[in-house]
Asker: 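Dropping the structure in here first, questions after.
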Amino acid sequence: TSGAEGRFTLQIPRERAQHFAILATLRDGDEQAFEYITDAAETDAELEIKLRPAVPMEVSVVDGDGRPVPGARVVCQAQYSAIADTETDDSGRVVLKLPAGVAIGEVMAYRSGVGMDYWSAGHRGFTAAEEAPPPPEELTLTLDGALTVMVDVKDEDGAPVPGLGLMPYYIVKPERANVMLLTVPCESMSNEDGRVTFDWFPHDARQGITLSLKTEEYSLLQRINWRPETIESVLQAVVLKRPLFSGVVTHRGEPVEGVLLRLQGRGPTHDQFGAQTVTDVDGRYEIRVSPRNSYIIASADQELVGSLV
C-alpha cells in the first residue's frame, strides 16, 4: 500500500526480479495503472506509476441454453499476467475494471461442472497497446458443457502423492486461438489417493490439453497430455522428488555474497529445467533441481567471470 505521498517500496528477491508485473489500483478500482518489468536491474530505482481512470468491461456468462451462470470465475490477462480475477453475480454478470492503455490478451470464464469459454484478442505476449485491437465493452461467454479429466499422481515407487497441484498450460477451442493459462488460478490439488480432478474443461477442447505441475518440490517424469482421442478414464503421472543442489561461490579465495547464479539442465525429464538463485552472506547457495539431469551453473554477474559445471 502506498503512503500519504503516494510512495511505496517493493522488496523483490534478486533471483525473482525479472519478468513480473505491477498492478496499481485504488481500493475501488476506479483508477489503475499497469507496469510490466522485464528486468528490475535495468529499471529506474524511482519508478513513477500514473493512475488513470479504469476501463470497464461488462462480462455476461451463460450456459448452453442461454441461462445466466452465477459464481463463474472470470479472469482477464494482459502480457501473461492476471489483471482481474472475480466471480459473476446471481445474474451471471460482472463488470471488470481494467487498466487503460494495456493490451488485453484474454478474458475467460469457467465453473465446475458447467464448462469454460474465453475471448482472445489473437495476439501473443508483450504486444504494445496501440498495436492490439481494443477489447470489447461488453462480452458474453458461453459455458456449454464440461469435460472431466482425472489424473493419478504417484511417486517412483507407485505410492500416491497428495497435496500436489496440477494446472492446464493452455486450452484450444474450435476455430479459436489457444489461451495460455500460466497466470490463471485454476489449479486442482491431488487428494489423499493422489487423484486430481478437473471438471470444468470445455467439452469441445481441441488439440489436447497439457497439464503442468505447480510446485518446486517435484518434477514430472513425462508430460501429462490429454487428447480428444484419449480413451483412458484416468491419466497417470509419475513425479520425481527434486534433490537439493548446493555449493559455495568464492572469488580470490573469499566467499562472495549476492552473486546471481543461473542454472540450466537437460535430461530424460519432460522439459529442460532452468532456475536461478543468489548466494548468501557466506557465499552459499541452495536450489532444488530436477533429478536425472546434467547441469551447468554459472554466474550471471558480468564482473565475475567463470562458471561451475
Side-chain angles (χ1 to χ4, degrees), residues 21 23-26 28-34 36 52-147 167-186 198-207 209:
L23 178 65
T25 177
L26 297 182
D28 59 10
D30 287 344
E31 294 189 21
Q32 298 185 20
F34 178 86
Y36 189 86
R52 298 167 57 185
V55 178
M57 176 191 291
E58 183 175 338
V59 180
S60 299
V61 182
V62 299
D63 64 16
D65 295 321
R67 297 172 297 190
V69 179
R73 194 157 192 172
V74 179
V75 181
C76 178
Q77 288 191 131
Q79 296 185 356
Y80 299 136
S81 301
I83 60 173
D85 180 3
T86 185
E87 291 187 355
T88 55
D89 60 19
D90 291 340
S91 65
R93 297 175 180 270
V94 65
V95 176
L96 304 180
K97 297 179 180 180
L98 307 175
V102 177
I104 304 300
E106 300 90 16
V107 180
M108 65 204 74
Y110 66 95
R111 181 179 168 182
S112 174
V114 185
M116 180 262 194
D117 193 17
Y118 60 91
W119 169 87
S120 174
H123 60 76
R124 281 287 173 260
F126 311 110
T127 303
E130 58 271 15
E131 299 175 359
E137 296 180 0
E138 297 182 358
L139 180 65
T140 298
L141 299 175
T142 303
L143 314 187
D144 58 354
L147 167 74
M167 64 179 298
Y169 187 71
Y170 65 87
I171 286 177
V172 186
K173 296 193 72 173
E175 300 180 359
R176 307 271 195 96
N178 64 23
V179 58
M180 306 295 290
L181 300 173
L182 298 175
T183 63
V184 177
C186 59
F198 294 93
D199 61 357
W200 54 266
F201 288 171
H203 73 95
D204 54 352
R206 294 292 182 268
Q207 300 182 22
I209 299 173

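Note that the numbering runs from 1 along the sequence shown for the chain.
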Asker: Can you name the closest pair of heavy atoms from R52 and G101 and give their distance?
Answerer: NH1-CA, 4.1 Å
Asker: Heavy atoms only: give me the nearest L141-Y118 pair and the separation to one decimal.
Answerer: CD2-C, 3.7 Å
Asker: Is it true that a side-chain atom of K97 and a backbone atom of D28 form a donor plus acceptor pair closer than 3.5 Å?
Answerer: yes
Asker: Dump the intermediate steps for side chain to side chain contact (heavy atoms under 4.5 Å, CB included) on R73 and W200, then the final yes or no.
Answerer: CA-CA 11 Å; R73 194 157 192 172; W200 54 266; over 6 Å; no
Asker: As an exercise, state the distance from CD of E58 to CG of L96, rounded to the nearest 0.5 Å.
Answerer: 10.0 Å
Asker: To the nearest 0.5 Å, tell me how far I104 CD1 sits from W119 CH2.
Answerer: 7.5 Å
Asker: Which atom names give the shortest non-hydrogen contact between L23 and I83, and what distance separates them?
Answerer: CD2-O, 3.5 Å
Asker: Could you give me the CA-CA distance, side-chain angles and deciding distance for T88 and V74, then say whether side chain to side chain contact (heavy atoms under 4.5 Å, CB included) is met?
Answerer: CA-CA 7 Å; T88 55; V74 179; 3.8 Å; yes
Asker: Go through it in stages, so that I can follow the logic: the residues are H203 and D144, the test is side chain to side chain contact (heavy atoms under 4.5 Å, CB included), and I'd like the CA-CA distance, side-chain angles, deciding distance and then a yes or no.
Answerer: CA-CA 8 Å; H203 73 95; D144 58 354; 3.4 Å; yes
Asker: Run the side chain to side chain contact (heavy atoms under 4.5 Å, CB included) check on Y110 and V184 step by step: do they pass?
Answerer: CA-CA 11 Å; Y110 66 95; V184 177; 4.3 Å; yes
Asker: Could you grab the distance from atom CG of L143 to atom CZ of R111, nearest 0.5 Å is fine?
Answerer: 9.0 Å
Asker: CE of M180 to CD of E106: how many Å apart, nearest 0.5 Å?
Answerer: 8.5 Å
Asker: Does any N or O in the side chain of S120 come within less than 3.5 Å of the main-chain N or O of V179, such that one atom is a donor and the other an acceptor?
Answerer: no
Asker: For the residue pair D117 and T142, confirm or rule out a side-chain donor-acceptor distance under 3.5 Å.
Answerer: no
Asker: For residues P202 and K173, report the shortest heavy-atom separation together with the two atoms involved.
Answerer: CB-CE, 4.0 Å
Asker: How long is the span from the CG atom in L139 to the CE atom in M108, to the nearest 0.5 Å?
Answerer: 11.0 Å
Asker: Measure across A146 and G115 and return the closest heavy-atom pair with its distance rounded to 0.1 Å.
Answerer: CB-N, 3.7 Å
Asker: Report yes if some heavy atom in the side chain of P135 is under 4.5 Å from a heavy atom in the side chain of V107; otherwise report no.
Answerer: no
Asker: F198 vs F201 aromatic rings, parallel, tilted or perpendicular, using cut-offs 30° and 60°?
Answerer: parallel
Asker: Atom OH in Y170, atom CD1 in I209: separation rounded to 0.5 Å?
Answerer: 9.5 Å
Asker: Ion pair present between D204 and R176, side-chain N to carboxylate O less than 4.0 angstrom?
Answerer: no
Asker: How close do A78 and A103 get, heavy atom to heavy atom, and via which atoms?
Answerer: CB-O, 3.5 Å
